[in-house]
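Inspection log for the structure reproduced underneath, given as C-alpha cells.
In what follows, chains are A, B, ... by sequence order, proteins preceding strands, each numbered from 1. Worth saying up front: this structure is predicted, and the values here are computed from it rather than measured.
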There are 2 protein chains.
Amino acid sequence: MPHAGLCTTLNPYAIWAIRGKTLDNINLLRKVQLHLDELRKSERKVANYILLDPASMLQMRISDLAQASDVSEPTVIRFCRALGFDGFQSFKLQLAQYLGSSGNYVQFSVSDSDSVADVNRKVFDATIGSLLNVRDEMDPVALEKAIAALSKARRVEFYGFGASGSVAIDAQHKFFRLQVSAAAYTDPHIQHMSAISLKEKDVVVAISQSGRTKALIQSVNLAREAGATVIGLVPRGTPLAALCDLPIHINVEEVEHVFTPVSSRIAHLVVIDVLAMGVARSSSEHLQDHLKRLNRSLRTLRANSKKPV
Amino acid sequence: MPHAGLCTTLNPYAIWAIRGKTLDNINLLRKVQLHLDELRKSERKVANYILLDPASMLQMRISDLAQASDVSEPTVIRFCRALGFDGFQSFKLQLAQYLGSSGNYVQFSVSDSDSVADVNRKVFDATIGSLLNVRDEMDPVALEKAIAALSKARRVEFYGFGASGSVAIDAQHKFFRLQVSAAAYTDPHIQHMSAISLKEKDVVVAISQSGRTKALIQSVNLAREAGATVIGLVPRGTPLAALCDLPIHINVEEVEHVFTPVSSRIAHLVVIDVLAMGVARSSSEHLQDHLKRLNRSLRTLRANSKKPV
DNA sequence: ATTAAACCAGAAAAATCATTTCATCCTGTA
DNA sequence: TACAGGATGAAATGATTTTTCTGGTTTAAT
C-alpha cells in the first residue's frame, strides 16, 4: 500500500466508519425529553431524575434508581420499555454509550493551574464537542441542495474574511482537486470585482462566522445580482443567512456567554469536507482516474528517504 | 452578553469541559493491552476476545463471553477484577462509555447507497475519530517546549504548502491576534527569502502532512542555518521531523491503506489552537486588554440588523 | 525424578439483581 | 356513589452474576 501522506490511495470514499448504532439513540437524552408527555406520571418521575443527573444512574441498580425517583422497581422497567428499550440493563448501556459520546464534551474553562497536557485535552475536547453539535444540527436537505448546485456549477468561488479566509482557501484546494474550477477570494475588492463577473451557472460559497460581515454581504448581493447561486456557511438568523439562496446553518455555540472562536472555523472546514465528499460521490469514475494521476504528480515534490525520529 | 460571532467576550480561556472521568479509563482498550502480560493464561483469552471485537461484548452476558472466549464464567470475573474493576457489569459499563467516546469512530467507507445525511455523519465522525487519536498521541513535553519557544519569539513564521498552506494562514491569524508578530508564507521562493533573513530569536513553524515536501525541507534548512528555531507539525519518522528543533508529531492515520486527507489539516489546526492557547495563557493581562479592544474594532465591520431566517 | 507448594481454572452453590405476576389503589365517569 | 379502566407497587419468580470450594497443573526445591 502506498504511503499515506497527502492522498495516495485509490478510493476517495474510503474513510472511517460508525459501528452499528441506531440513529434513534444517538440523542438519548433528547429522546427522553421528547417522550416525556407520553409517559405515565410515575414513569415521568424516573425520566426527570435521569434528565437531571444522567451520569449518576450508571452506578445505580434498578432498586437504587427506583428509590431515588420515589417509585417502585417495576415502574423503572416500564419506563425503559416505554422508550423502546429491552429493559433496564439495555437502557443503562445505551445511556453509558451516549454519555461517553457526547456527555464528556461539556463546558469548562482552562485555569492557570492546568498543565499543558490539560490544555491540550481541553482544546481538543472543545473542538470535538462543537463538531458533535454541528453534526447533529446539520440540515441534510440544505446539504443536498448545496451539493447539487456545486456539482452542476461551471465555476465555484469561495468568499471569506479573517479566519474564514483560510477556510475559503482550503475549500478552493479541496474543490480544485475534484476538477471543479474553483477560486478563493479574501480581499473585498477582488471579491466584488469577481462577483459582478459571475454568470448564472456559477456558485458562490460565502463563509462567515458572524454572519454579519458588511463586505461579505455586499459581495453576496453583487453575486446574486449577477445571477449566481449563493451557498452560505453562516449562523442561523443572521443577515447573511437571509441573503443566501442556499444557507447552511452552522451554529457553533449554544451556551451564550462562552468564547469558542477556536472551533467554528473547524466546523466550517468539516462542512466543506462534507460538501466535497458529496460532489465527489456524484461525479464519474473519470474523476477517480484524475485523482490517481494527481497523487502521482504530487509525489514528485517529495523527498523519499525515511529517517528515524 | 455580547454576540458570539468572532470573539466578543472577555475571557479567552472559557471554552468547554470534561465531565469527571478518571484518566485511567479513557483508553480502556489500551489499558487492556498494556496489562495483557500480567494476566493469567485463561484471562488473556478473554482479553484477546475483547480486543478483537469490543463492541460485541456489550450485548453479551457473562456466560456468553465465557463461552466465546472458551473459559469459565469465574475467569471472566477474575479478568475484570485483574484490571481493577468491581466486576463484570462495571467493566461492561466502562467499556460502553469508552466505545461511546472513541470506539464509534472506526474505519469505514462511504458507499453509493448512503444518503447525504449518512455522508455528513460519516465525515464528521471520521474527523472526530482522527482528532481523538491525535489528542491521545500528542506529546505534552514537545508542546510545552514549543509554547515556550513561541512565547519568547521575536517573530513567528508559518510555512506550508497545499492544504497545509491554509493551515499556515490560519495560524498566522491566530497568533496575530495574540500580538505576536506573525507571518505565513505558502510560496517556496518567498519562504526561502524570508527564511534566510531570520534571526536567532525567531521561530518558524513548518506544517506538513507528508513530512517530505522538498521545498519545505529546504526552507527549514535555511531557517535553521539563519539561527531560527524550527517547530514542526509533521508525521513521526519523516525527513522533516528529523530536521526540526522541536518536532510535534502528528500521525493522523493508523490504518495504512485508507484515504483520509480530510482530517489531517484539521488536526493541525487544532494543534495550532493548543499552541495559541498555551501562548495566550503564558502572556500578561495586557494581552487580554488588547483582545477586548480588538473585538470592539472588529464589530464595526459588521452589519447590526438581525433578520429572520 | 519426585514431591510439596503455590497457583490456576472450573463446577456448583449462593447471592444478587432484574423481571413478571397479580392484587390494590387511584381517577375519572355515569 | 359505584364502577370501569388504567396505573402502581408488593411479593414471587426467574435470570445472571458472584462466591466458594475442589480438582488439576505448573513450578521449584530436594
Separation of D:dG9 C1' from A:Asp70 CG (nearest whole Å): 12 Å
Starting from the 5' end of DNA chain D, give me the residue, A:Ser42 or B:Met60, whose nearest nucleotide shows up first. A:Ser42
Side chain of A:Thr75, heavy atoms from C-beta onward: which of D:dT8, D:dT19, D:dT17 has the nearest atom to it? D:dT8
A:Ile77 has its side chain closest, among C:dA9, C:dT19, D:dT17, to C:dT19
Counting any heavy atom closer than 4.0 Å, what does B:Gln89 reach on the DNA or RNA strands: base, sugar-phosphate only, or nothing? sugar-phosphate
Take B:Lys122 and B:Asp125, measure what salt bridge (Lys or Arg N to Asp or Glu O under 4.0 Å) needs, and give me the verdict at the end. CA-CA 5 Å; B:Lys122 287 181 177 180; B:Asp125 286 351; over 6 Å; no
Taking the minimum atom-to-atom distance to the side chain of A:Pro74, which one of D:dA10, C:dA18, D:dT17 wins? D:dA10
Between P of D:dG14 and CD1 of A:Ile62, the distance in whole Å: 18 Å
Kindly indicate whether the side chain of B:Thr127, heavy atoms from C-beta on, has any atom under 4.5 Å from the side chain of A:Ile266. no
How many Å lie between CG on A:Asp86 and C1' on C:dA18, as a whole number? 13 Å
Please state how far atom NZ in A:Lys92 lies from atom P in C:dT19, giving the value in whole angstrom units. 10 Å
Rounded to the Å, how far apart are B:Lys41 NZ and D:dG24 P? 16 Å
Does NZ or CZ of A:Lys31 come closer than 6.0 Å to the centre of the six-membered ring of A:Phe85, within 45° of the ring's axis? yes
Starting at CZ of A:Arg81 and ending at C1' of C:dT21, how long is that distance when rounded to a whole Å? 13 Å
Would you indicate, yes or no, if C:dA9 has its OP1 or OP2 atom less than 4.0 angstrom from a side-chain nitrogen or oxygen of B:Arg40? yes
Within this structure, what is the CZ-to-C1' distance between B:Phe79 and C:dG10, rounded to whole angstrom? 18 Å
Starting at atom CD of A:Gln67, determine the distance to atom P of D:dA10, rounded to an integer number of angstrom. 12 Å
Output the single nucleotide from C:dA18, D:dG9, D:dT17 whose closest atom is nearest the side chain of B:Phe88. D:dT17
Does B:Asn133 reach the side chain of B:Asn251, with side-chain heavy atoms less than 4.5 Å apart? no
Checking contacts here: which listed nucleotide (C:dA18, C:dG10, D:dG9) is nearest the side-chain heavy atoms of A:Val71? D:dG9
Any side-chain N or O of A:Ser72 less than 4.0 Å from the OP1 or OP2 oxygen of D:dT8? no
What's the separation between atom CD in A:Glu43 and atom OG in A:Ser69, rounded to the nearest 0.5 Å? 11.5 Å
